[in-house]
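To keep things clear, I will list the structure first and then write my remarks on it.
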Number of protein chains: 4
Amino acid sequence: MSQTESIKSVDTKNRIFHAAAKLFANYGFERVSIRQICQAVGVQKPTLYYYFKDKETLILEMLHFAHKLVVEYRNRYIEPHEDFLDKMWGLLQGRKHFVENNPHFFRFYAMIHLFSTPEKVKQEMLRQMLPLLDDFKNLLLLGKQQGYIAAEEDTEIIMQTILGILNQLSIRKFVFQDEQAFSEENLQRVFNFWKKHLFLNRDK
Amino acid sequence: MSQTESIKSVDTKNRIFHAAAKLFANYGFERVSIRQICQAVGVQKPTLYYYFKDKETLILEMLHFAHKLVVEYRNRYIEPHEDFLDKMWGLLQGRKHFVENNPHFFRFYAMIHLFSTPEKVKQEMLRQMLPLLDDFKNLLLLGKQQGYIAAEEDTEIIMQTILGILNQLSIRKFVFQDEQAFSEENLQRVFNFWKKHLFLNRDK
Amino acid sequence: MSQTESIKSVDTKNRIFHAAAKLFANYGFERVSIRQICQAVGVQKPTLYYYFKDKETLILEMLHFAHKLVVEYRNRYIEPHEDFLDKMWGLLQGRKHFVENNPHFFRFYAMIHLFSTPEKVKQEMLRQMLPLLDDFKNLLLLGKQQGYIAAEEDTEIIMQTILGILNQLSIRKFVFQDEQAFSEENLQRVFNFWKKHLFLNRDK
Amino acid sequence: MSQTESIKSVDTKNRIFHAAAKLFANYGFERVSIRQICQAVGVQKPTLYYYFKDKETLILEMLHFAHKLVVEYRNRYIEPHEDFLDKMWGLLQGRKHFVENNPHFFRFYAMIHLFSTPEKVKQEMLRQMLPLLDDFKNLLLLGKQQGYIAAEEDTEIIMQTILGILNQLSIRKFVFQDEQAFSEENLQRVFNFWKKHLFLNRDK
DNA sequence: AATGAATGAGGATTCATTCAT
DNA sequence: AATGAATGAATCCTCATTCAT
């Protein structure tokens with residue numbers, strides 16, 4: 001029953017955490033000051049420093065959190081399925097739900113791994129990304145095994161194509177503010193496109 | 001060859017301009033101070049303000065310059081061709097040369113239009129982007145006319161796919177520092193993939 | 001005696017406040033930098049900004065303080081008296097004590113309401129001044145009621161005359177550094193002059 | 001016929017001079033930058049420095065010019081008259097025309113001699129003022145000789161009273177923006193007040 | 001668990017001024 | 001007579017961070 005952190009503590013820390021995520025996602029790290037975060041939460045600056053050693057640590061904790069989310073979504077939406085196509089559909093669904101339920105963390109994640117951040121943060125991000133990319137490559141190999149992708153096909157390019165589209169959807173949503181980007185209907189179009197152009201039809 | 005601005009002036013302004021582009025591309029706007037730019041150029045701060053009203057104006061001028069480059073590359077690498085496939089290959093080549101000859105401006109451009117910048121800059125960027133996207137849509141319509149894309153095909157998704165891959169190549173180059181991303185060989189792989197999966201083979 | 005602010009805080013804020021008043025009174029707002037104020041107090045710049053949002057706010061707080069002083073002096077030196085002549089003598093005495101006990105705030109006040117300041121400050125000053133002028137007009141009406149001023153007399157001009165002399169005394173003191181300006185003896189001369197030339201002698 | 005300064009030169013210098021006067025009068029010395037003055041005139045900064053050694057010199061030249069104006073007005077409106085009362089009426093008229101025809105220089109003059117300026121400017125201003133005050137004292141002595149002021153009267157206080165009212169009129173005009181302050185009618189009221197309360201009626 | 005008070009370093013921007021032309 | 005280009009020093013203000021409580 002006993003916990004190292006009191007309920008109140010967890011609460012305050014969480015409030016800081018999410019307020020920071022939202023602000024970072026909207027304005028970038030450098031344009032968000034500790035002061036702004038504290039104002040948003042309604043605490044004083046030393047309180048923030050009580051929970052997070054410094055700004056970089058705050059960002060790093062957010063990065064870990066975001067990564068955990070990514071893994072969680074993968075485990076929920078992709079892993080359970082056996083069939084490659086089901087997994088790919090899960091990929092789209094997982095991304096959709098990630099983006100819609102945790103928009104701040106998604107933007108944060110995208111932001112970090114696309115451009116300029118404190119070096120340490122970038123390093124950490126790369127360390128997280130590489131295994132995920134490997135997983136994805138394995139996913140495509142599974143697609144080959146199951147006969148959805150021709151044996152001679154270049155999985156690297158298929159991977160880039162798929163990741164590319166996912167990113168484009170995010171850009172449509174966040175940069176061009178197109179709320180239809182992740183609509184059920186649009187995902188279906190994308191999925192149909194994949195089935196038609198990228199994957200083989202096993203039914204034949 | 002008459003010039004309204006003295007050689008000296010043009011030179012200093014240009015040096016500031018390019019130094020700023022490089023720094024911005026590497027670290028983002030907020031992490032680059034006027035002082036850093038001036039140090040890189042070897043001038044005092046008021047000199048920078050002699051040429052650029054303020055930091056935002058400097059960024060905006062860079063945006064216009066980058067945009068001009070984009071248009072130039074398009075005019076050089078895509079426009080001249082008649083055949084849709086030639087244009088698509090030109091698209092890849094143009095991107096390659098842009099990225100290799102003006103890496104700072106390319107990164108700058110990508111940075112701006114992917115995430116958080118002064119609001120005014122973002123607005124301006126969107127104003128520039130939309131016509132380019134329209135052009136691209138027209139390009140795909142041409143592909144349909146020339147029979148490279150089936151009439152019933154969803155050009156929107158083809159566009160997203162192609163843009164997505166181009167972005168992935170940039171990410172590979174700039175985030176993962178993969179120098180092969182824009183190698184002649186890799187572009188050929190991508191192009192072959194497109195011809196095989198996205199476009200029709202008219203020869204048949 | 002309970003206090004919402006710690007002793008330390010009150011002290012620092014007050015030291016900043018009075019140092020600023022003195023410097024402003026001597027040199028004007030624009031010629032006094034935040035740095036100078038901080039040096040005079042012996043704190044760092046962010047400390048000043050901890051207590052005062054910005055320079056303008058500091059000036060506005062000083063304006064309110066000065067205004068409170070003005071009202072206080074009026075309440076102490078003018079209000080208590082019943083007789084009009086006693087009130088007029090209190091006016092002189094009040095001004096004398098204001099000028100001598102709070103020379104910085106008096107000069108500050110005079111400075112502000114004579115010339116060029118941030119627009120916002122000027123507005124606020126006018127808002128404070130107008131009721132005071134009304135009070136003064138009522139004072140002269142009382143003089144009429146009590147028979148010290150002829151019914152047909154133009155109170156507007158009497159007011160300007162009296163205010164004019166008070167200002168001249170201040171100018172003598174602060175511009176020409178004439179320490180006798182507010183001497184007991186000189187005030188008596190002024191008062192006698194008023195009795196002889198501006199007010200009626202009820203004793204007859 | 002030959003002049004040391006060309007017509008063009010005189011013109012530019014004058015334009016700078018008057019633009020500066022206007023700006024100084026409105027905003028004070030410190031809040032007006034060389035850049036602003038140059039913009040108002042439409043010349044570059046080195047041009048200003050070609051005509052005026054530095055900002056202080058510009059202010060000093062303005063002070064001399066304003067002083068010359070003061071003397072001119074006195075010579076035109078006060079000197080010519082023989083009768084003391086005529087001179088006093090001239091005093092009011094002269095002030096009125098000064099204020100109305102050269103509002104910038106008048107404000108400038110008032111500003112300078114009321115508060116905070118570069119020390120050198122203040123000194124110079126005092127050097128100019130003292131003789132003028134002496135003149136004014138002599139004027140009142142003439143009033144005594146002509147029987148308009150009782151022999152035993154305290155001329156010092158009468159002087160302060162008269163100067164005080166003149167200043168109040170200026171304050172009404174420039175601070176409270178009361179355009180009636182120097183109206184013919186109001187001057188008449190003031191003058192009548194003086195005749196009734198400050199001066200003797202010789203006609204008896 | 002939280003804060004009031006404080007700071008050193010640095011941010012963007014502007015100042016009056018100069019020099020070569 | 002006028003300017004384009006440049007600058008050292010200063011402006012106001014904010015940053016991330018800390019320490020004693």
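What you see below is based on every heavy atom in this structure, not just the backbone, and it leaves out hydrogens, waters and symmetry mates.
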| query | Between Lys13(D) and Tyr50(D), is NZ or CZ placed under 6.0 angstrom from the six-membered ring centre and within 45° of the ring axis? | reply | no

| task | Send over the distance from Tyr50(B) OH to dA6(F) P, rounded to a whole Å. | result | 8 Å

| request: State whether the side chain of Asp54(C) and the backbone N or O of Thr57(C) hold a donor-acceptor pair below 3.5 Å, judged by distance alone. | output: yes

| task | State whether Gln44(C) places a side-chain N or O below 4.0 Å from either non-bridging phosphate oxygen (OP1 or OP2) of dA6(E). | result | no

| request: Could you pull out all residues at least two apart from Gln128(D) that satisfy side-chain hydrogen bond (donor to acceptor under 3.5 Å, both in side chains)? | output: His67(D)

| Given that both pair distances must be under 3.5 Å and the pair must be Watson-Crick or G-U, what runs of three or more consecutive pairs involve DNA chain F? | E:2-21 with F:2-21

| pair Lys22(A)-Phe17(A): side-chain heavy atoms closer than 4.5 Å | no

| Is any side-chain nitrogen or oxygen of Tyr51(D) closer than 4.0 Å to OP1 or OP2 of dA2(F)? | yes

| task | Whole angstrom is fine here: how far is it from NZ in Lys13(C) over to P in dG4(E)? | result | 14 Å

| query | Ion pair present between Lys53(C) and Glu61(C), side-chain N to carboxylate O less than 4.0 angstrom? | reply | no

| query | Is any side-chain N or O of Thr12(C) closer than 4.0 Å to OP1 or OP2 of dA5(E)? | reply | no

| field | Lys120(C): salt bridge (Lys or Arg N to Asp or Glu O under 4.0 Å) partners, not counting sequence neighbours | value | Glu56(C)

| note | Across all chains, not counting sequence neighbours, the side-chain hydrogen bond (donor to acceptor under 3.5 Å, both in side chains) partners of His104(B) are none

| request: On the 0 to 90° scale, with breaks at 30° and 60°, tag the Phe105(A)-Phe65(A) ring pair as parallel, tilted or perpendicular. | output: tilted

| remark: Sorted by chain and residue number, the side-chain hydrogen bond (donor to acceptor under 3.5 Å, both in side chains) partners of Gln123(B) (sequence neighbours excluded) come out as Glu119(B)

| Under 4.0 Å protein heavy-atom contact, by nucleotide of nucleotides 14-21 of chain E - B base, S sugar-phosphate only | BBBBBB--

| Counting only side-chain N and O atoms of Thr47(A), is one of them less than 4.0 Å from OP1 or OP2 of dA1(E)? | no

| query | Roughly, in whole Å, what's the span from CG in Leu48(A) to P in dC15(F)? | reply | 14 Å

| field | Value in whole Å for how far the C1' atom of dC13(F) lies from CD1 of Ile37(C) | value | 13 Å

